[in-house]
Amino acid sequence: QVLLVESGGGLVQAGGSLRLSCAASGRTLSTYRMAWFRQAPGKEREFVAAINRSGGSKFYTDSVKGRLTIDRDNAKNTVDLQMNGLKPEDTAVYYCAATSRAGQPYKEYEYDYWGQGTQVTVSS
């Protein structure tokens, strides 16, 4: 069992930055592929970014490429999402997720463990 807790959300103006962090307890994160998903009001949850176990491979949805960066520190059992150049359309609840499987990294159903989410609001 893995417990994931997100932090770092908040209110920021368009063009600003935030750094989200996901801390894990219960199991070491090094055995899991990690990802960030988000859900905007009235929309389905969508994939944002994923990182493999070693951190050597990263995946991003097209709308965030060049602005958001996923990274992990297996020694600290954390996964971060650095968010630069934020836009109002990035407003959503951001969720951290973990999976021990090697399926498609952008598919929600591949992930077994989820955090409670952290709110990111970008004002125009």
Side-chain angles (χ1 to χ4, degrees):
Q1 186 73 15
V2 177
L3 178 63
L4 303 174
V5 179
E6 302 95 336
S7 62
L11 173 64
V12 65
Q13 290 187 334
S17 298
L18 283 174
R19 188 174 183 88
L20 306 184
S21 186
C22 174
S25 60
R27 297 283 297 273
T28 176
L29 275 187
S30 62
T31 60
Y32 295 91
R33 172 188 288 161
M34 301 299 298
W36 287 93
F37 286 76
R38 66 186 179 186
Q39 187 168 20
K43 296 186 177 181
E44 294 186 351
R45 190 155 55 184
E46 66 173 357
F47 170 78
V48 176
I51 188 168
N52 71 344
R53 293 172 180 81
S54 68
S57 294
K58 301 178 183 180
F59 312 88
Y60 299 95
T61 192
D62 287 345
S63 64
V64 308
K65 286 180 180 177
R67 300 187 299 116
L68 275 58
T69 302
I70 189 170
D71 212 345
R72 67 189 300 160
D73 187 332
N74 288 337
K76 294 182 179 179
N77 242 22
T78 59
V79 175
D80 291 347
L81 185 68
Q82 178 65 42
M83 309 169 72
N84 299 327
L86 283 164
K87 304 176 180 180
E89 51 263 44
D90 294 317
T91 295
V93 177
Y94 283 72
Y95 298 90
C96 176
T99 180
S100 58
R101 293 192 289 267
Q104 299 180 67
Y106 49 88
K107 292 295 186 181
E108 187 175 340
Y109 61 73
E110 291 286 355
Y111 294 86
D112 300 309
Y113 303 103
W114 294 83
Q116 83 290 348
T118 185
Q119 176 71 47
V120 171
T121 304
V122 185
S123 64
S124 57

Calculate, to the nearest 0.5 Å, the distance between atoms [atom1] and [atom2] belonging to [X] and [Y] respectively.
{"X": "Gln119", "Y": "Thr91", "atom1": "CD", "atom2": "OG1", "value": "7.5 Å"}
{"X": "Asn84", "Y": "Arg67", "atom1": "CG", "atom2": "CZ", "value": "9.0 Å"}
{"X": "Ser30", "Y": "Arg72", "atom1": "OG", "atom2": "CZ", "value": "7.0 Å"}

Open item on the list: Is it true that Gln82 and Asp80 share a donor-acceptor pair across their side chains at a distance under 3.5 Å?
Closed with: no
So do [Y] and [X] actually touch side chain to side chain, heavy atoms under 4.5 Å?
{"X": "Val93", "Y": "Arg45", "value": "no"}
{"X": "Gln39", "Y": "Tyr95", "value": "yes"}
{"X": "Tyr32", "Y": "Asp112", "value": "no"}
{"X": "Met34", "Y": "Cys96", "value": "yes"}
{"X": "Glu46", "Y": "Arg38", "value": "yes"}
{"X": "Glu6", "Y": "Trp114", "value": "no"}
{"X": "Tyr60", "Y": "Thr69", "value": "yes"}
{"X": "Met83", "Y": "Val122", "value": "no"}

- [ ] Give the intermediate values and the outcome of salt bridge (charged side-chain N to carboxylate O under 4.0 Å, His left out) for residues Asp90 and Lys87.
- [x] CA-CA 5 Å; Asp90 294 317; Lys87 304 176 180 180; over 6 Å; no
Mind listing the closest non-hydrogen atom pair of [X] and [Y] along with its distance?
{"X": "Ser124", "Y": "Ala14", "result": "CA-CB, 4.4 Å"}
{"X": "Ala24", "Y": "Leu4", "result": "CB-CD2, 3.7 Å"}
{"X": "Tyr111", "Y": "Ala50", "result": "OH-CB, 3.8 Å"}

Do [X] and [Y] land in one hydrophobic cluster if side-chain heavy atoms of ILVMFWY residues count as linked below 4.5 Å?
{"X": "Val64", "Y": "Trp36", "result": "yes"}
{"X": "Ile70", "Y": "Tyr113", "result": "yes"}
{"X": "Leu29", "Y": "Ile51", "result": "yes"}
{"X": "Phe37", "Y": "Leu86", "result": "no"}
{"X": "Leu81", "Y": "Val12", "result": "yes"}

Task: Centroid separation Phe47 to Phe59 less than 6.0 Å - done: no
Task: Check: Glu110 main-chain N/O paired with Thr99 side-chain donor or acceptor under 3.5 Å - done: yes
Open item on the list: I'd like to know if the side chain of Asn52 and the backbone of Gly55 have a donor-acceptor N/O pair within less than 3.5 Å.
Closed with: yes
Open item on the list: Tell me if the NZ atom of Lys58 is crowded by more than 12 foreign heavy atoms within 6.0 Å.
Closed with: yes
Task: Heavy atoms of other groups near Arg53 CZ, more than 12 under 6.0 Å - done: yes
